Asks: 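There's a structure below that I have some questions on.
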Amino acid sequence: QVQLVESGGDLVQSGGSLSLRCAASGFTLDAYSIGWFRQAPGKQREAVSCISGSGSVTNYIDSMEGRFTVSKDYAENSVYLQMNNVKPEDTAIYYCATGFYSDCFYYGDPQNVHYWGQGTQVTVSP
């Protein structure tokens, strides 16, 4: 059974750091890509970043460059999103998801991805 479980969301002050985890089960991450998405209140869900089966990273938000880093831990079958120097505009529910693609080509549009975790809330205070 395919399952994705996010954790690590919290209330943090602007400029602080968070590490989000996406634990996968039912499949192995060495073959498939995982995307991170977020949805802020009143806004559409948007792609944040994706890491392919081979470990290549694609980022989708210019403002995250130099602040967010995505990585895999094959032993834990988990993907991490390290968020540094967070800003109030990063406040959102963060989701991980997979479409069982080997690369990240389709992850720019959340509609191409069909297996989602339940999400974890990140709130950044000014």
Side-chain angles (χ1 to χ4, degrees):
Q1 181 179 357
V2 173
Q3 192 172 19
L4 296 168
V5 179
E6 303 93 337
S7 60
D10 205 347
L11 170 63
V12 62
Q13 287 188 331
S14 181
S17 296
L18 280 175
S19 180
L20 306 185
R21 179 187 181 190
C22 172
S25 59
F27 68 103
T28 56
L29 295 178
D30 56 352
Y32 300 108
S33 49
I34 293 285
W36 281 102
F37 300 81
R38 69 184 183 184
Q39 187 164 18
K43 295 187 177 181
Q44 290 189 333
R45 193 170 298 187
E46 62 178 350
V48 175
S49 185
C50 171
I51 186 164
S52 71
S54 64
S56 298
V57 174
T58 302
N59 297 321
Y60 299 99
I61 300 177
D62 291 341
S63 65
M64 65 169 280
E65 295 289 346
R67 299 192 300 122
F68 292 4
T69 303
V70 63
S71 61
K72 279 187 183 183
D73 185 320
Y74 292 99
E76 294 186 355
N77 210 41
S78 295
V79 173
Y80 292 88
L81 180 67
Q82 178 66 39
M83 305 169 62
N84 296 326
N85 190 24
V86 294
K87 302 176 181 181
E89 51 263 43
D90 295 322
T91 294
I93 299 174
Y94 283 73
Y95 301 88
C96 62
T98 185
F100 285 104
Y101 310 112
S102 60
D103 59 24
C104 291
F105 182 80
Y106 294 101
Y107 283 81
D109 184 348
Q111 293 189 48
N112 292 330
V113 182
H114 307 295
Y115 294 89
W116 294 84
Q118 83 289 350
T120 187
Q121 176 71 50
V122 172
T123 303
V124 182
S125 62

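Everything quoted here is computed from the prediction, not taken from an experiment.
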Asks: With sequence neighbours left out, which residue pairs that include part of residues 14-26 fulfil the salt bridge (charged side-chain N to carboxylate O under 4.0 Å, His left out) condition?
Replies: Arg21-Glu76
Asks: For residues Phe68 and Trp36, establish whether the separation of their ring centroids is below 6.0 Å.
Replies: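 So the answer is no for these two rings.
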Asks: Please find the pair of heavy atoms, one from Ser17 and one from Asn85, that lie closest to each other, and give the distance.
Replies: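 What the structure gives for the nearest pair is OG-N, 4.2 Å.
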Asks: Tell me if the CD atom of Gln13 is crowded by more than 12 foreign heavy atoms within 6.0 Å.
Replies: no
Asks: For residues 59-66, dump all side-chain donor-acceptor pairs below 3.5 Å to protein atoms at least two apart in sequence or in another chain.
Replies:
unit_1: Asn59; atom_1: OD1; unit_2: Ser49; atom_2: OG; d: 2.8
unit_1: Tyr60; atom_1: OH; unit_2: Cys104; atom_2: O; d: 3.0

Asks: Do any N or O atoms from the side chain of Gln118 and from the backbone of Glu6 form a donor-acceptor pair under 3.5 angstrom?
Replies: yes
Asks: Please list all pairs passing the salt bridge (charged side-chain N to carboxylate O under 4.0 Å, His left out) test where one or both residues lie in residues 101-115, with sequence neighbours left out.
Replies: none
Asks: Which residue pairs pass the ring-ring contact (aromatic ring centres under 6.0 Å, His included) test when at least one of the two sits in residues 7-28, sequence neighbours left out?
Replies: Phe27-Phe100
Asks: Between Met83 and Arg67, does a side-chain contact (heavy atoms from CB on, under 4.5 Å) hold up when you go through it step by step?
Replies: CA-CA 6 Å; Met83 305 169 62; Arg67 299 192 300 122; over 6 Å; no
Asks: Is the backbone N or O of Leu29 less than 3.5 Å from a side-chain atom of Lys72, with the two atoms forming a donor-acceptor pair by type?
Replies: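 The answer is yes, because a donor-acceptor pair under 3.5 Å joins these two groups.
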Asks: Could I get the full list of side chain to side chain donor-acceptor pair (under 3.5 Å) partners for Gln39, not counting sequence neighbours?
Replies: Arg45
Asks: Run the numbers on Tyr107 and Thr58 for side-chain contact (heavy atoms from CB on, under 4.5 Å), then give the verdict.
Replies: CA-CA 9 Å; Tyr107 283 81; Thr58 302; over 6 Å; no
Asks: Partners of Val124 by side-chain contact (heavy atoms from CB on, under 4.5 Å), sequence neighbours excluded?
Replies: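 Counting only residues at least two positions away or on another chain, Val124 forms a side-chain contact (heavy atoms from CB on, under 4.5 Å) with Val12, Ser14, Val86, Pro88, Asp90, Thr91, Val122.
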Asks: Counting N and O atoms only, with roles assigned by atom type, does the side chain of Lys43 sit under 3.5 Å from a partner on the main chain of Arg38, one being a donor and the other an acceptor?
Replies: no
Asks: Would Tyr32 end up clustered with Val2 when hydrophobic side chains under 4.5 Å apart are linked, directly or stepwise?
Replies: yes
Asks: Minimum heavy-atom separation for Asn77 to Thr28, with atom names?
Replies: OD1-CA, 3.6 Å
Asks: In Å and rounded to the nearest 0.5 Å, what is the OG to CG distance from Ser78 to Asp73?
Replies: 6.5 Å
